[in-house]
Novice: 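Pasting a structure below so you can have a look.
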Amino acid sequence: MTLALALEQLLNGLQLGVMLFLMAAGLTLIFGVMGLINLAHGSLYMVGAFACAAVAAATGSFWIGLVASLIAAAAAGALVELLVIRRLYDRDHLDQVLATFALILIFSEGTRWLFGSFPLYLDIPPILGGAVMLPGGLQYPVYRLAIIAAGALVAFGLYVLISRTRLGMRIRAGESDREMIGALGVDIRTLYTVVFALGAALAGLAGAMVGALQSVQVGMGEPVLILAFVVIVIGGIGSIKGALFGALLVGVTDTMGRFLLPQLLALFVPPAQAGMIGGAAASMLIYIVMALILAVKPRGLFPAAHA
Amino acid sequence: MISRENLINLILAALLLAVPLAAYASGEQFYITLATRIAILALAATGLNLALGLGGLVSFGHAAFFGIGGYAAGILATHGFSGDPLLLGLSGTNQMPVIWLVAVLAASFVGLVIGAISLRTSGVYFIMITLAFAQMVYYFAISWPAYGGEDGLSILVRNQFAGINTMRPLNFFLICYVTLLVALGLFSLIRGSRFGSALQAARQNEVRVATVGIAPFRIRLTAFAISAGITGLAGALFADLNRFVSPSMLSWHMSGELIVLIILGGVGRLFGPVAGAMLYVIFEYALGGVTERWQFFLGLILLGVVLFARGGLLGLLAGRAKHG
């Protein structure tokens, strides 16, 4: 094991973490403001990836595709909010789980209907192609670094939006007392639609960016959705800061676990077995971390102040 | 005077028995398999109904128990077939009663562990944590190559049950049907017991239950473990029905389906899972015959049920449930 290899894995972990943050931020925002658990968030991620791949293929430009992914995911989010989600705010979580589970079925089959069962491919834009030399003599793809930078930028933008703007003020007010801000004359229904569309756009952005690393296919959002759940459970549901911290923790733990555990075990058992046990243990690692954190802090690391 | 709900329950039970008998008489083996699938899914959902319906514990991770039961059957049968010792010198087996016992114990034990951690939380946290733990089991099954990993595990010959030829579809259906009835009896017994009252009271008002001196945590944990055990038993039967176990039994779609069955039928009602499983399998079969995209329409139907027809099929037929 060289230091350069470890650094590469660490960066991969950061990249996964940043992507998870984009998903988790939307989920946690939607839960914090509207009290809604949205299983269909992974579908919005998928919508973003498909929109980006389709538009990029038609126009030849990744950047137009990226803009299209934001628009498509936000539009799909707003539409779903207006038609379905709006009726679920004062229902219990069981109804919310079921209705959004139904939305997943509709989105997945609908996408398969539109685009067929074969995965789409999205090329990395030429300007971000190639690799840079990192200290230690390691080649690292520029695109992955760009994802990390974009994620950091979005995190900062979200921070400014929520703590410095009027919309952010309303979102924070909605989190602490939704009836009161309604009484103060804020159009709460529109606010909810805007927040949902914002969360959807973040998910769509994540989907589009990752679409260039993996294939774009139906069902791609579900593993990410579940990781994002782990993230917000660790971070504390409703807390953006918790989502950022949890996302980086999960991203780095998962990647480094898959890299280090087999090597660590190889010190004790034969390599073939070490690979097998290490691989299986690494795939469970983040859930074990989650269980440990919950055993100490049942409401996550940064519990939101309200219910 | 028999209540309307009980009458409907009797009709459902009779219907589930009559269809495969009629199918047997007319030589339509396929419908027997369909009915067996209904019985097994209803059994799995009855397990979940104990936690979700009576206890209000929305577990989104019951696929873990379903799959563990399935793998218990698959692993024991594989070792029974090959003769390799399993662990600590114990051998595998192809006897269903032994397999069922192992499936129930294994699923209950895992339920106890998952429950002990998850029940420290409630609400959305509980939903997400049970989901996450089930995913953990799922990824473990995928990345552990000894029992097929992602490809799953075939059971070459269906397991045996004391002198009955289980390879005949009707016989296997009857085994599943009787098991379902026993589980429904257990559910009804628990619902009427002191334990069941405490469990339902903890759902309705946790603080009051604690005030009268009952610790909700223990009650819920016990219910969760029993619930896991019943769903695990269904998993073992499901493995024998398909003679195949794969990680898809552990996937979160399975957990979602089990909740869907309960909602379609009616939450917390004795025959809710049975009605739900019937509807679900019939939808799947009927829509699947018409269009390849049946899941799209299932989604629409489900959405309609959640938004507009609360109470499920039994709510529609037998009126609102008496309990809150």
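So you know, we letter chains A, B, ... as the sequences are listed, proteins then strands, and number each from 1.
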Novice: Using non-hydrogen atoms only, which part of I286(A) is less than 4.5 Å away from chain B: side chain, backbone, both, or neither?
Specialist: neither

Novice: Report which part of R91(A) has an atom under 4.5 Å of a heavy atom belonging to chain B: side chain, backbone, both, or neither.
Specialist: side chain

Novice: Looking only at heavy atoms and a cut-off of under 4.5 Å, which of V230(A), L103(A), V84(A) has the most pairs with chain B?
Specialist: V84(A)

Novice: Tell me, for M284(A) versus chain B, whether the close heavy atoms (under 4.5 Å) come from the side chain, the backbone, both or neither.
Specialist: both

Novice: Given a strict heavy-atom distance threshold of 4.5 Å, which part of L300(B) is in contact with chain A: side chain, backbone, both, or neither?
Specialist: both

Novice: What option among V137(B), I259(B), I129(B) has the most heavy-atom pairs under 4.5 Å with chain A?
Specialist: I129(B)

Novice: Go through T121(B), I263(B), L298(B) and name the one with the most non-hydrogen pairs under 4.5 angstrom from chain A.
Specialist: I263(B)

Novice: In terms of ring plane angle, is the pair W252(B) and F60(B) parallel, tilted or perpendicular, where the classes change at 30° and 60°?
Specialist: tilted

Novice: What's the verdict on side chain to side chain contact (heavy atoms under 4.5 Å, CB included) for I230(B) and F187(B), showing C-alpha distance, side-chain angles and the deciding distance?
Specialist: CA-CA 10 Å; I230(B) 297 175; F187(B) 181 90; over 6 Å; no

Novice: For F302(A) together with F245(A), are the ring centres under 6.0 Å from each other?
Specialist: yes

Novice: Which region of L285(A), side chain (C-beta onward) or backbone (N, CA, C, O), has a non-hydrogen atom less than 4.5 Å from a non-hydrogen atom of chain B, or is it both or neither?
Specialist: neither

Novice: Taking side chain as everything from C-beta outward and backbone as N, CA, C, O, which of these in L307(B) sits under 4.5 Å from a heavy atom of chain A? Side chain, backbone, both or neither.
Specialist: both

Novice: Looking at E206(B) and R220(B), is there a salt bridge between them, counting it only when a charged N and a carboxylate O are closer than 4.0 Å?
Specialist: yes

Novice: Examine whether an atom of L292(A) lies under 4.5 Å from a heavy atom of chain B, and if so say whether it belongs to the side chain, the backbone or both; otherwise answer neither.
Specialist: neither

Novice: Select, from Y125(B), Y138(B), F297(B), the one with the greatest count of heavy-atom pairs under 4.5 Å involving chain A.
Specialist: Y125(B)

Novice: Among I226(A), T100(A), V233(A), single out the residue with the greatest number of heavy-atom pairs under 4.5 Å to chain B.
Specialist: I226(A)

Novice: Among I288(A), D92(A), L39(A), which residue forms the greatest number of heavy-atom pairs with chain B at distances under 4.5 Å?
Specialist: L39(A)

Novice: Can you classify the ring geometry of W144(B) versus F140(B) as parallel (below 30°), tilted (30 to 60°) or perpendicular (above 60°)?
Specialist: parallel

Novice: Is the gap between the ring centers of Y287(A) and F133(B) under 6.0 Å?
Specialist: no

Novice: Ring-plane angle category for F224(B) and F126(B), please: parallel below 30°, perpendicular beyond 60°, tilted otherwise.
Specialist: perpendicular

Novice: Where on I114(B) is there a heavy atom nearer than 4.5 Å to chain A: the side chain, the backbone, both, or neither?
Specialist: neither

Novice: Step by step, work out the side chain to side chain contact (heavy atoms under 4.5 Å, CB included) result for Q217(A) and L120(A).
Specialist: CA-CA 6 Å; Q217(A) 57 190 338; L120(A) 303 182; over 6 Å; no

Novice: Given a strict heavy-atom distance threshold of 4.5 Å, which part of V260(B) is in contact with chain A: side chain, backbone, both, or neither?
Specialist: both

Novice: Using the salt bridge (Lys or Arg N to Asp or Glu O under 4.0 Å) rule, take R37(B) and E284(B) through it: C-alpha gap first, then chi angles, then the decisive distance, then the call.
Specialist: CA-CA 12 Å; R37(B) 208 174 129 75; E284(B) 187 183 31; 3.0 Å; yes

Novice: Is there a donor-acceptor contact under 3.5 Å linking the side chains of T255(A) and Q9(A)?
Specialist: no

